[in-house]
8 protein chains.
Amino acid sequence: MEHNTAPGDPRIADLGFARVDVDRAARTGDPEVVYGAGKTPDQVVAILRALHEKHPERAVLATRLSPETIDVLAEALPEADLDLVARAATLGPLPTPRGTVAVVAAGTSDAPVAAEAALTIAVHGAGVERIDDVGVAGLHRLLGVRDRLEAADCLVVVAGMEGALPSVVGGLVGVPMVAVPTSVGYGASLGGVAALLAMLNSCAPGVAVVNIDNGYGAGVHAARVARQSAPR
Amino acid sequence: MEHNTAPGDPRIADLGFARVDVDRAARTGDPEVVYGAGKTPDQVVAILRALHEKHPERAVLATRLSPETIDVLAEALPEADLDLVARAATLGPLPTPRGTVAVVAAGTSDAPVAAEAALTIAVHGAGVERIDDVGVAGLHRLLGVRDRLEAADCLVVVAGMEGALPSVVGGLVGVPMVAVPTSVGYGASLGGVAALLAMLNSCAPGVAVVNIDNGYGAGVHAARVARQSAPR
Amino acid sequence: MEHNTAPGDPRIADLGFARVDVDRAARTGDPEVVYGAGKTPDQVVAILRALHEKHPERAVLATRLSPETIDVLAEALPEADLDLVARAATLGPLPTPRGTVAVVAAGTSDAPVAAEAALTIAVHGAGVERIDDVGVAGLHRLLGVRDRLEAADCLVVVAGMEGALPSVVGGLVGVPMVAVPTSVGYGASLGGVAALLAMLNSCAPGVAVVNIDNGYGAGVHAARVARQSAPR
Amino acid sequence: MEHNTAPGDPRIADLGFARVDVDRAARTGDPEVVYGAGKTPDQVVAILRALHEKHPERAVLATRLSPETIDVLAEALPEADLDLVARAATLGPLPTPRGTVAVVAAGTSDAPVAAEAALTIAVHGAGVERIDDVGVAGLHRLLGVRDRLEAADCLVVVAGMEGALPSVVGGLVGVPMVAVPTSVGYGASLGGVAALLAMLNSCAPGVAVVNIDNGYGAGVHAARVARQSAPR
Amino acid sequence: MEHNTAPGDPRIADLGFARVDVDRAARTGDPEVVYGAGKTPDQVVAILRALHEKHPERAVLATRLSPETIDVLAEALPEADLDLVARAATLGPLPTPRGTVAVVAAGTSDAPVAAEAALTIAVHGAGVERIDDVGVAGLHRLLGVRDRLEAADCLVVVAGMEGALPSVVGGLVGVPMVAVPTSVGYGASLGGVAALLAMLNSCAPGVAVVNIDNGYGAGVHAARVARQSAPR
Amino acid sequence: MEHNTAPGDPRIADLGFARVDVDRAARTGDPEVVYGAGKTPDQVVAILRALHEKHPERAVLATRLSPETIDVLAEALPEADLDLVARAATLGPLPTPRGTVAVVAAGTSDAPVAAEAALTIAVHGAGVERIDDVGVAGLHRLLGVRDRLEAADCLVVVAGMEGALPSVVGGLVGVPMVAVPTSVGYGASLGGVAALLAMLNSCAPGVAVVNIDNGYGAGVHAARVARQSAPR
Amino acid sequence: MEHNTAPGDPRIADLGFARVDVDRAARTGDPEVVYGAGKTPDQVVAILRALHEKHPERAVLATRLSPETIDVLAEALPEADLDLVARAATLGPLPTPRGTVAVVAAGTSDAPVAAEAALTIAVHGAGVERIDDVGVAGLHRLLGVRDRLEAADCLVVVAGMEGALPSVVGGLVGVPMVAVPTSVGYGASLGGVAALLAMLNSCAPGVAVVNIDNGYGAGVHAARVARQSAPR
Amino acid sequence: MEHNTAPGDPRIADLGFARVDVDRAARTGDPEVVYGAGKTPDQVVAILRALHEKHPERAVLATRLSPETIDVLAEALPEADLDLVARAATLGPLPTPRGTVAVVAAGTSDAPVAAEAALTIAVHGAGVERIDDVGVAGLHRLLGVRDRLEAADCLVVVAGMEGALPSVVGGLVGVPMVAVPTSVGYGASLGGVAALLAMLNSCAPGVAVVNIDNGYGAGVHAARVARQSAPR
């Protein structure tokens with residue numbers, strides 16, 4: 001049973017258990033990222049190290065870290081920065097932020113997803129503004145921050161349950177928005193599918209949506225938009 | 001092949017093609033109603049007539065009428081009142097209204113469902129207040145009618161697409177509310193399922209929900225609540 | 001990464017990890033409530049305490065408490081009342097009940113949801129009548145309590161599996177009813193979706209439905225209806 | 001492109017467009033049946049004729065006939081018996097009935113499915129008793145026929161919408177029962193899936209279920225049970 | 001909060017935590033049964049004891065027993081008969097069997113469901129014949145037992161994965177059949193939904209279906225059919 | 001039955017059948033838009049006219065026009081510009097474009113959705129570049145346009161069937177991207193749900209998704225991004 | 001709005017409304033194919049002509065032709081061969097067949113899908129053997145053709161409803177098999193999803209599956225397998 | 001309760017808890033296989049031993065082994081070969097490979113499924129070529145191995161998340177391909193359903209699909225194709 005070997009292609013780092021694409025930054029302008037789910041703590045450490053060696057000047061990001069992986073990381077890579085709410089880590093210096101993304105979250109339970117989005121945005125080179133606990137059932141909290149929404153270059157709006165927040169925000173301001181449904185809820189929330197469907201059917205125009213709990217994906221999109229925006 | 005025959009039970013009117021329950025008013029205090037879907041125009045006329053004869057002092061209601069049925073009805077029962085938007089008809093005098101239900105609709109396309117709810121409420125003995133075109137994407141329209149929401153004994157809130165309106169209304173006032181998802185939308189609205197799920201997962205407490213496009217059911221619930229409410 | 005801070009708005013209590021809306025009572029007439037799922041025991045204790053300080057004259061409610069949270073609560077807030085079946089707690093005096101809600105449950109396994117509804121109703125200011133084990137497969141049990149159903153101002157009907165109980169109850173009496181599907185069942189019950197769909201499609205008019213296992217939501221709706229009902 | 005040809009097997013009738021299994025009666029004791037959906041009127045006529053020639057002493061059955069097929073059949077096979085409600089036809093003498101099946105239907109709109117079941121039962125050699133319009137929202141109609149339910153050897157219970165009727169019937173009597181969900185309903189009835197799920201989750205024991213609108217399948221099962229039952 | 005109390009109705013046994021219907025035998029001819037899921041071991045023991053005292057002459061059945069409940073039962077009720085494969089127990093003498101049900105299982109993993117069906121049949125008064133490991137992928141095993149299938153008064157056919165066995169059996173013999181889909185499978189088996197759908201769509205006529213893994217329900221239906229069948 | 005009337009609010013145009021929000025441009029910077037589905041031709045004409053009178057200096061857009069509406073529009077508003085592929089129309093001068101959006105479509109059948117996106121982008125003030133027929137099954141077509149993808153400020157990527165195109169494009173360039181699943185396909189495409197799910201699960205980071213066939217929503221998002229982008 | 005133009009790439013034929021990939025034969029060894037759904041008759045004719053000019057020595061294939069397209073084709077391209085059952089056409093000489101595929105169909109209603117598979121196989125260079133009407137409910141028909149199944153290099157097995165045929169065939173012979181679920185059925189067949197799920201969960205090893213009604217896809221796979229098989 | 005006994009049929013090995021079909025090799029040319037899920041370690045050992053005794057000259061395969069089963073196996077059958085990544089084992093000599101299958105995997109997390117496919121192929125008599133980490137988001141990795149794809153007799157393409165890899169591979173080469181969706185992903189991946197649907201809707205012709213995570217089934221199909229292919 002012959003196995004394919006890394007053919008010396010400098011765009012690929014062969015770690016034995018994985019052939020890592022180390023060329024993404026060149027192709028897309030984004031930093032390298034490790035998706036931690038389904039990887040052992042040692043694999044995450046090894047990939048983070050390899051990516052950091054390849055790109056020492058710029059933070060690499062690891063997401064979806066299990067508690068075990070966080071413990072191993074803290075020991076093996078003490079120079080890494082851990083974000084316990086986001087269950088994520090960075091290694092290397094954050095880039096200078098260009099533009100601003102406001103990360104807007106409906107409720108306390110949405111905090112891990114909002115934190116993942118916020119850290120992703122910072123690693124991808126944009127500034128972050130956090131606006132929390134502005135769920136639609138207490139509208140005065142949201143109406144009080146309209147100016148801050150309007151000042152951002154891009155919005156990431158995070159909500160679970162019925163996922164109504166993006167529609168209300170989208171009726172207030174015309175800033176580009178990415179909505180993130182979360183799996184917060186029970187029963188007919190179907191693990192976040194109810195919020196996902198609501199966001200896809202928003203009556204507010206221009207709401208773009210990512211996968212359930214995908215703070216990372218929303219952060220990448222928003223950071224790209226913010227960092228290319230002209231200063232106001 | 002022996003068939004069951006109406007055993008002289010006065011609670012049942014045997015029309016040959018159907019054995020109609022004419023006892024509902026006694027059991028529940030509600031008027032008699034004909035669900036027109038899947039019935040021929042002649043069947044609808046015959047049942048309406050039978051119910052009206054049994055209850056001449058109080059309007060009976062026919063819903064979900066096809067254009068053909070409406071034409072036949074107009075000819076056969078000229079004394080019936082037709083509501084073309086609600087695709088419904090009444091026969092007999094409306095009761096004196098007790099209490100008030102506000103029927104709140106998000107968009108123009110929700111009008112048939114809102115109209116069915118409004119007519120049902122009137123037939124079931126409560127007053128109706130219509131509040132239209134207050135979808136969440138233009139919040140100022142909703143905020144401008146908060147007093148009228150608060151003055152009602154019960155709310156029927158009608159919305160399609162992402163179904164966010166009940167959550168926002170439920171955050172503004174504590175009036176009992178029934179939410180009606182509509183099939184307005186396309187693609188991932190899944191024929192109204194997206195709005196239905198959103199309403200079932202509302203972060204505003206106390207939102208009770210009926211079937212997609214079921215203005216009638218919402219109207220029955222709301223009229224019962226309104227007519228038993230103490231005057232304020 | 002700048003964070004939004006509570007701008008001195010008295011309607012918001014900033015606990016650091018959450019910005020709690022303490023204005024709901026003013027807006028809706030309902031008590032303050034903590035949804036315990038996804039919160040640490042310490043967070044639940046802190047929020048309960050903050051809400052109680054703001055509203056010492058009226059019970060606040062905590063629902064969906066894990067066994068761990070219940071243990072911590074019992075120790076930290078010995079003056080709280082714990083309801084182990086409902087997995088809930090209250091802090092502060094219950095209001096004087098106005099009106100009556102009958103909580104009707106199909107089977108023994110539906111008890112936690114029925115208990116959550118009952119406690120919610122009491123906290124929200126209405127009286128409670130419990131009617132248990134009246135599933136439709138033994139109809140004599142239900143027919144024997146028809147008078148008690150009719151005497152209530154509102155019904156909360158709780159059932160899992162095929163969710164048929166609301167339809168049968170709705171054919172017996174015309175009292176406003178909220179149906180609660182439960183996740184009791186297996187296989188094609190799909191975690192309560194079968195009961196939910198059945199209740200949404202009830203042939204009895206006026207059945208309004210809440211999310212699977214949502215005794216709290218049903219209780220809020222029913223208490224609002226009961227406490228505004230005119231005495232009979 | 002070679003085609004397989006009927007190899008003179010007397011169990012197969014080769015009509016060119018179809019190779020009909022004419023051996024089912026021998027294997028299963030049941031009559032031959034033509035499923036009319038997706039076949040042209042001429043194909044239905046040709047197959048009915050071929051089956052009748054093979055089994056002239058016993059009625060053959062054709063189901064799911066379109067209006068066009070019924071017209072062609074009436075002309076081409078005037079000796080056939082047409083059942084317009086069941087959208088079905090028989091050709092040849094009905095067998096002498098053994099045992100009795102009660103076909104119980106919830107509402108008027110379920111009539112076509114109930115009629116298909118009833119005709120199927122008669123063609124498969126059992127007697128039929130029809131009990132119509134006994135939906136659970138008017139329980140007195142059902143309770144009045146309990147004796148007739150108990151007297152049957154098997155029950156076919158037909159209902160759409162929330163599909164609660166089999167659970168209630170199954171709590172009243174211990175007769176073997178087949179439940180048939182119908183596609184009567186709208187919105188969250190999902191074309192009959194809600195009723196199907198409800199019946200599969202019945203809290204009454206022993207409820208066996210067939211496909212949505214499958215009066216034929218229920219009739220076959222029930223007739224087999226009834227005709228082998230010992231006389232009482 | 002007033003609670004309903006057993007009003008001395010001899011058809012109901014009030015155990016405090018449950019009001020048990022002890023009248024089912026009189027209404028339906030079936031034994032009393034305890035569904036163990038969601039009940040504590042002590043509750044199961046208490047209900048079994050109460051039912052046995054009411055019906056000492058006839059076995060009562062407990063199904064869906066957890067390993068803990070089985071241990072407690074073995075200690076508390078040593079006279080009970082335990083079936084470890086079926087995860088069930090009986091207390092009291094089995095009735096004399098009338099008629100025969102063949103329980104046919106596709107694979108080894110379907111054994112628990114087949115065993116639950118077999119024990120249910122025995123408790124409900126019919127004889128049982130087991131036919132195992134006759135999945136359709138090795139057809140010779142099934143064809144070799146055709147005589148035994150034909151000799152039964154009713155068939156219970158148990159299969160997971162693609163659920164094809166009932167269709168093949170239904171093409172071989174005309175005996176009344178109940179099909180039981182099992183949750184055996186992975187991925188697109190969707191917890192048994194694939195097998196359930198296949199059985200509902202069987203091209204063999206007369207296949208009636210019960211819920212996923214519901215050996216009990218199939219056993220009840222089949223025993224009723226078998227015990228009323230005329231001897232051959 | 002009292003109806004709410006437009007209270008002289010200049011942000012709302014009351015047309016009798018609808019209360020149109022004419023304030024969106026002020027709030028969001030976007031033009032006014034009429035969603036034509038579910039509206040009569042006369043309603044579309046009336047709303048277009050009202051919006052155009054309010055904003056004569058800037059094109060208003062009408063989407064989802066039926067063939068009948070297009071005919072009526074052509075007659076009633078000859079000065080409107082019709083886009084027959086997009087089933088849309090504009091009235092008034094297009095704004096000067098700022099920035100560029102590349103609209104990338106997988107196949108010929110995706111053309112209507114791509115055209116709706118393109119027209120929406122133009123109306124919303126950005127330039128459009130069309131790249132068609134670059135489905136992933138013929139990769140050379142896509143690889144040949146990589147430069148043009150990279151030159152855009154935002155991408156709208158339109159695909160039906162398996163919806164793979166956004167993942168491949170997202171691996172080639174780091175430009176902000178909105179993916180639009182289309183309902184092109186059959187069977188297990190489930191009306192576009194397969195493509196929608198694929199895009200939500202893209203392994204390429206930063207793919208944001210809109211509803212099935214929602215070229216309009218994608219166009220709004222992309223135009224907002226493009227027109228605020230700094231020139232390169 | 002600039003449009004991309006065919007850059008003289010000989011692998012692409014620019015027809016104005018489409019940029020056709022005419023290079024597939026070179027890359028994959030397969031003929032060129034037009035998918036007719038969603039294309040006008042004139043578009044189909046134009047593409048067929050362009051492909052035929054490019055590859056005059058080998059038949060090109062058009063599938064999913066509407067009745068209108070077939071009429072236009074018959075007139076515009078009289079030299080094309082039409083297959084009315086398959087709703088398909090070929091233009092140019094069929095290749096010499098290598099190897100043999102047996103196309104096995106369960107019922108008469110599956111004929112269009114089986115015919116599409118058969119024609120596709122012939123166009124893709126393999127021989128075809130048709131085996132029809134061998135559904136599992138009449139097993140003797142299938143057992144009688146086992147030799148012909150075994151003689152084939154690949155099998156295409158077509159079935160609707162419960163989709164059991166591939167499992168039974170897969171237990172009889174070890175020939176590579178592609179299963180095609182069809183949309184034949186109603187109710188819980190969910191448009192072919194029931195058969196699709198059954199085939200994906202087949203207990204017979206090695207069953208590979210294509211989309212519902214996708215005779216074309218199955219034919220391509222099978223022809224590739226057959227034509228590369230060593231003669232036996 | 002009589003049990004069926006193995007009637008001396010040499011095609012069946014009766015192990016008490018199971019009646020094993022030991023005839024498959026004769027019927028299909030494939031080796032015997034034990035599906036380990038749902039079996040105890042001792043049962044797996046017993047079946048493996050029985051199959052090995054029947055077929056000592058050729059490896060038998062056990063898949064889906066739990067860690068416990070692997071431990072027991074290692075002790076009880078030290079001569080067995082364990083594949084820890086594939087969670088599988090073989091006992092007996094592997095056959096001489098005929099033909100080659102390339103197993104292509106998108107990401108590191110797909111490794112267990114790819115390993116199961118690879119081992120299955122080897123046990124079923126074909127050669128294996130592994131090509132890993134060639135997901136579509138880094139296309140250069142895939143384009144670099146096109147020659148190796150083209151050299152294979154059959155492809156097994158393994159991918160989770162959006163499942164796009166088979167479409168891209170299918171556009172590059174015309175080799176017969178089996179696609180395996182994996183459950184790698186979260187949220188709207190729905191446990192692999194998103195990838196499954198994508199593969200079924202592939203715009204590349206001839207993609208045949210197996211169940212989610214079913215490396216075994218794909219391996220059986222591919223090995224059959226490869227070992228009958230004519231040498232090139």
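Numbered from 1 within each chain, the chains take letters A, B, ... in sequence-line order.
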Checking heavy atoms, do the side chain of F/Leu196, its backbone, both or neither come under 4.5 Å from chain A?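 The side chain, not the backbone.
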
Can you say whether F/Met177 sits under 4.5 Å from chain A via the side chain, the backbone, both, or neither, judging by heavy atoms?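 F/Met177 touches chain A through backbone heavy atoms alone.
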
Chain F contacts, top residue of A/Gly171, A/Gly170, A/Ala179, A/Ala222 (heavy-atom pairs, under 4.5 Å):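 Option with the top pair count is A/Gly171.
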
Top residue by heavy-atom pair count (under 4.5 Å) with chain A, among F/Gly217, F/Pro231, F/Ala218, F/Pro205?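 Of the candidates given, the most pairs with chain A belong to F/Pro205.
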
If we define contacts as heavy-atom pairs under 4.5 Å, which of F/Val33, F/Val209, F/Val220 has the most with chain A?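 With the most close heavy-atom pairs to chain A, the winner is F/Val209.
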
Short donor-acceptor separations (under 3.5 Å), chain A to chain F:
from	atom 1	to	atom 2	distance (Å)
A/Arg27	NE	F/Gly171	O	2.7
A/Arg27	NH2	F/Gly171	O	3.4
A/Asp153	O	F/Gln228	NE2	2.8
A/Gly171	O	F/Arg27	NE	2.7
A/Gly171	O	F/Arg27	NH2	3.4
A/Gly174	O	F/Arg224	NE	3.2
A/Met177	O	F/His221	ND1	3.4
A/Asn201	OD1	F/Asn211	ND2	3.3
A/Gly206	O	F/His221	ND1	3.0
A/Val209	N	F/Val209	O	2.7
A/Val209	O	F/Val209	N	2.7
A/Asn211	ND2	F/Asn201	OD1	3.3
A/His221	ND1	F/Met177	O	3.4
A/His221	ND1	F/Gly206	O	3.0
A/His221	NE2	F/His221	NE2	3.0
A/Arg224	NE	F/Gly174	O	3.2
A/Gln228	O	F/Ala230	N	2.8
A/Gln228	NE2	F/Asp153	O	2.8
A/Gln228	NE2	F/Ser229	OG	2.9
A/Ser229	OG	F/Gln228	NE2	2.8
A/Ala230	N	F/Gln228	O	2.8

What heavy-atom pair brings F/Ala208 and A/Val178 nearest, and what distance separates the two atoms?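 Residues F/Ala208 and A/Val178, closest heavy atoms: CB-CG1, 4.3 Å.
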
How would you list, by chain and number, every residue that makes a side-chain contact (heavy atoms from CB on, under 4.5 Å) with A/Ala46, sequence neighbours excluded?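 Listed in chain order: A/Phe17.
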
